There are 2 protein chains.
Amino acid sequence: MVNMADVARLAGVSMATASRALSDHPHVAPATRARVLDAAAELAYVVSPEASRLAGGVTDRIAVVVPHLSRWFFGALLDGLESVLREADKDLLIYHVGDAADRKSFFERLPARRKVDAVVVLGMPIARPERERLEMMGVHIVAAGGQIEPYPFVSIDDMVAGRQAVNHLLFLGHRRIAMIATNDPGQPGWPIRAGRSRAYHAALADAGLPADPDLAVTVPWGGAAGAEAMAELLSLREPPTAVYAHSDEVALGAIRTIRRAGLRVPEDISVIGIDDHPLAELTDLTTVAQPVRDQGALAGQVVLGLLSGAATDPGITMATRLVVRGSTGPPRVA
Amino acid sequence: MVNMADVARLAGVSMATASRALSDHPHVAPATRARVLDAAAELAYVVSPEASRLAGGVTDRIAVVVPHLSRWFFGALLDGLESVLREADKDLLIYHVGDAADRKSFFERLPARRKVDAVVVLGMPIARPERERLEMMGVHIVAAGGQIEPYPFVSIDDMVAGRQAVNHLLFLGHRRIAMIATNDPGQPGWPIRAGRSRAYHAALADAGLPADPDLAVTVPWGGAAGAEAMAELLSLREPPTAVYAHSDEVALGAIRTIRRAGLRVPEDISVIGIDDHPLAELTDLTTVAQPVRDQGALAGQVVLGLLSGAATDPGITMATRLVVRGSTGPPRVA
DNA sequence: GGGGATACTGGAACCGTTTCCACGACTAAG
DNA sequence: CTTAGTCGTGGAAACGGTTCCAGTATCCCC
């Protein structure tokens with residue numbers, strides 16, 4: 001494999017000069033730089049990242065910790081993140097912690113240790129002891145699509161999003177509103193999106209409606225689970241006239257159950273989700289949209305800022321907005 | 001930062017021995033190994049991957065080239081791949097080539113060069129000159145979720161999948177069958193999933209049906225595009241009674257247009273997709289299922305095999321199967 | 001008890017850069 | 001025409017391991 005010494009020799013300079021020329025340092029005569037660059041091109045030379053980093057210190061690599069690779073939400077986050085980090089010539093290392101076992105081993109072994117300059121955690125809460133492990137890595141930590149207490153984050157305000165959704169249903173005149181909340185099947189016991197639940201209770205209370213525990217069900221994330229949750233709601237003595245789901249996939253599952261039961265959406269039951277999944281538009285689902293890809297991209301910028309030593313916002317909260325489509329409407333007059 | 005010399009000193013051995021003990025080499029006395037391991041644990045020592053690789057040669061890193069991060073198909077592929085590669089303690093470097101510009105720059109700059117031991121290309125065709133660039137990296141190349149000529153791959157047979165879909169429609173009695181094919185909006189000019197188109201033409205020909213060019217439309221991938229394509233089909237003098245879409249998302253878009261036009265699925269028009277997207281079940285879409293996550297996982301095993309020097313299958317083709325749901329049925333008797 | 005093989009261990013070269021320090025050549029100021 | 005600075009360049013010391021080679025101690029067997 002051709003190395004920098006070869007390039008230096010061909011260009012007729014010392015390695016020190018070759019190194020400076022190649023990494024764009026000042027104090028290199030333009031003519032010399034050109035000679036080195038030509039030599040490098042001729043030999044099809046690329047610096048060895050290993051060697052370069054051994055000597056230099058930085059890795060130009062960022063770890064991304066993601067709980068679900070095949071969900072749209074995380075894919076979009078990753079997409080945004082990747083786009084700005086690639087622009088800055090950083091490499092992305094993916095660490096997938098799908099279930100409790102993955103999670104345990106990730107935080108115990110810290111496989112990213114010494115391999116990256118920063119860690120971005122995607123939409124995933126983290127416990128105190130885990131945080132401490134993470135800090136052992138001694139690198140910057142950023143959260144995207146969620147918040148982790150003391151670190152900078154880019155996220156939406158789940159409380160606001162939830163209220164937008166529930167308020168819409170209230171505004172339409174619904175009084176019996178159910179909620180399908182989700183927990184993460186792979187990470188039992190993790191309070192996922194607690195703000196979305198609090199928003200529900202708060203909005204109902206503000207509207208002077210009684211809290212009916214039967215109307216709030218919690219299921220694992222996913223369309224199938226949403227369908228089952230809806231079946232449960234339909235089996236109540238007095239089913240809801242509207243359903244607020246924590247995410248669009250869950251909402252779609254609920255809709256399917258409603259239709260199978262011979263009821264119509266929104267005439268018999270209204271359904272609203274959160275996210276604005278690409279398929280929400282196709283399925284005519286009313287939802288609260290959040291800018292997912294942008295959250296990822298912004299998180300990338302935060303990382304870059306941190307790396308360059310600039311002071312950074314402690315947190316960026318992005319706006320969500322209600323997108324009214326065909327799955328919500330006024331309740332039937334009883 | 002604590003380094004191996006510190007560990008060696010604390011354990012009272014030479015660096016050579018420390019290195020061997022830490023990397024599980026033979027010819028280290030058990031007692032010595034234990035002392036070294038204890039010392040390492042006490043100092044919370046981790047080897048520097050940079051140094052280790054500089055000296056050792058391998059990087060234990062695999063590059064993944066993926067055209068779309070936020071599509072379910074690629075996410076699932078990635079998921080499977082990651083799961084087996086993580087098991088083997090490999091790190092995954094993500095390279096997203098979303099559009100023509102990304103693509104150009106990726107193959108020109110070869111940013112993964114010298115950084116990885118292998119490259120996995122996910123569901124993406126590659127041109128001859130690009131292949132040559134890739135080979136300059138001098139590492140193993142594997143394709144998953146698609147094929148790239150001379151390299152090992154893990155994929156389905158698009159021709160078979162397509163025929164399963166079209167045959168189902170034929171079996172139901174349809175004679176006027178449309179196809180919505182897709183191309184990649186980010187990669188203009190790329191023949192995507194050509195097998196799925198060939199299957200369509202072949203199946204119709206086998207059934208003795210005339211080829212009507214109006215019935216085969218090609219649009220960019222996505223639900224919205226599927227919706228538009230369907231509109232086009234509905235504007236024909238004699239619209240199809242069944243539609244074969246190259247992917248589920250596209251099929252869902254088509255269904256939406258059909259419904260908006262006041263027609264019913266499957267009574268008026270049947271729709272079939274390919275993939276078995278998680279939402280296909282929720283939306284009651286008939287489709288041809290393919291094991292996406294498994295393709296990724298298998299590709300991971302192929303990479304591992306290649307890395308260990310074992311001879312590998314030139315290609316693995318996985319089975320697809322028709323999943324009949326509610327979006328297909330016999331045509332109305334005219 | 002002697003000889004050869006075997007199990008451990010240490011010394012030191014090497015992997016390919018980056019960067020500190022020193023040095024000569026010019027330039028601009030006095 | 002000195003003198004203090006710049007600018008451009010080279011020498012060489014890290015950076016943190018891996019591994020070849022060689023040396024010593026131990027072991028087995030005849």
Side-chain angles (χ1 to χ4, degrees), chain A residues 1-40 43-61 89 91 112-117 137-138, chain B residues 1-40 43-61 89 91 111-117 137-139:
Chain A
M1 180 117 320
V2 27
N3 59 26
M4 193 179 279
D6 299 326
V7 175
R9 198 172 315 123
L10 179 58
V13 299
S14 71
M15 274 196 52
T17 301
S19 173
R20 281 187 284 255
L22 288 168
S23 45
D24 236 30
H25 270 274
H27 297 312
V28 177
T32 310
R33 180 189 309 280
R35 275 219 315 290
V36 172
L37 260 28
D38 284 352
L43 298 176
Y45 166 78
V46 235
V47 306
S48 153
E50 318 300 349
S52 158
R53 275 139 197 186
L54 213 209
V58 295
T59 71
D60 278 345
R61 257 175 257 137
D89 262 312
D91 286 313
R113 203 144 161 227
R114 270 194 163 194
K115 293 182 187 166
V116 298
D117 301 329
M137 292 179 57
Chain B
M1 181 115 321
V2 26
N3 59 27
M4 192 178 279
D6 298 326
V7 175
R9 198 173 316 124
L10 178 57
V13 300
S14 71
M15 273 195 57
T17 301
S19 172
R20 281 188 284 255
L22 288 168
S23 44
D24 236 31
H25 269 274
H27 295 313
V28 177
T32 311
R33 181 190 308 280
R35 276 219 314 289
V36 172
L37 260 28
D38 285 351
L43 298 175
Y45 167 78
V46 234
V47 304
S48 153
E50 318 300 350
S52 158
R53 276 137 198 187
L54 213 210
V58 295
T59 71
D60 277 346
R61 257 175 258 137
D89 262 311
D91 286 313
R113 203 145 159 226
R114 269 192 164 198
K115 293 182 187 166
V116 298
D117 302 329
M137 291 179 57
V139 300

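In what follows, chains carry the letters A, B, and so on, assigned in the order in which the sequence lines appear, proteins first and then strands, with residues in each chain numbered from 1. All values derive from a computational prediction rather than experimental measurement. We use all heavy atoms of the structure for the numbers below, so side chains are in, but hydrogens, waters and symmetry mates are not.
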For this session: Starting from the 5' end of DNA chain C, give me the residue, B:Ala51 or B:Val28, whose nearest nucleotide shows up first.
Result: B:Val28
Problem set entry | Heavy-atom check, side chain of A:Thr59 versus side chain of A:Asp117, under 4.5 Å | yes
Exercise. Are any of the side-chain heavy atoms of A:Val7 and A:Val36 separated by less than 4.5 Å?
Worked result: yes
Say you draw a straight line from [atom1] of [X] to [atom2] of [Y]; how long is it, rounded to the nearest 0.5 Å?
X	Y	atom1	atom2	value
B:Met4	B:Thr17	CE	OG1	11.0 Å
A:Ser48	A:Glu50	OG	CD	5.5 Å
B:Tyr45	A:Arg113	OH	CZ	10.5 Å

Exercise. When you check the gap from the basic side-chain N to the acidic O, do A:Arg35 and A:Asp38 get nearer than 4.0 Å?
Worked result: no
For this session: Give me the first and last nucleotide of DNA chain C, going 5' to 3', that has any atom under 4.0 Å from a heavy atom of chain B.
Result: C:dA7 to C:dT17
Have a look at [X] and say if it touches a base, only the backbone sugar-phosphate, or nothing, with a 4.0 Å heavy-atom cut-off.
X	value
B:Ser52	sugar-phosphate
B:Val7	nothing
A:Arg33	nothing

Can you check the [X] [atom1] to [N] [atom2] distance for me, whole Å?
X	N	atom1	atom2	result
B:His27	D:dT18	NE2	P	17 Å
A:Met15	D:dA13	CE	P	14 Å
A:Asp24	D:dG8	CG	P	14 Å
B:Asp60	D:dG17	CG	P	15 Å
B:Asp6	D:dG17	CG	C1'	13 Å
A:Arg114	D:dG16	CZ	C1'	8 Å

For this session: Using atom types as modelled and distance alone, determine if a side-chain donor or acceptor of A:Asn3 lies under 3.5 Å from a backbone N or O of A:Asp6.
Result: yes
Problem set entry | Residue list, side chain to side chain contact (heavy atoms under 4.5 Å, CB included) with B:Val28, at least two apart or on another chain | B:Arg20, B:Ala21, B:Thr32, B:Arg33
For this session: Using a cut-off of strictly less than 4.0 Å, decide whether A:Thr17 has a side-chain nitrogen or oxygen near OP1 or OP2 of D:dG10.
Result: yes
Seminar exercise, completed: B/S/- along nucleotides 20-28 of chain D (protein heavy atoms under 4.0 Å) is B--------
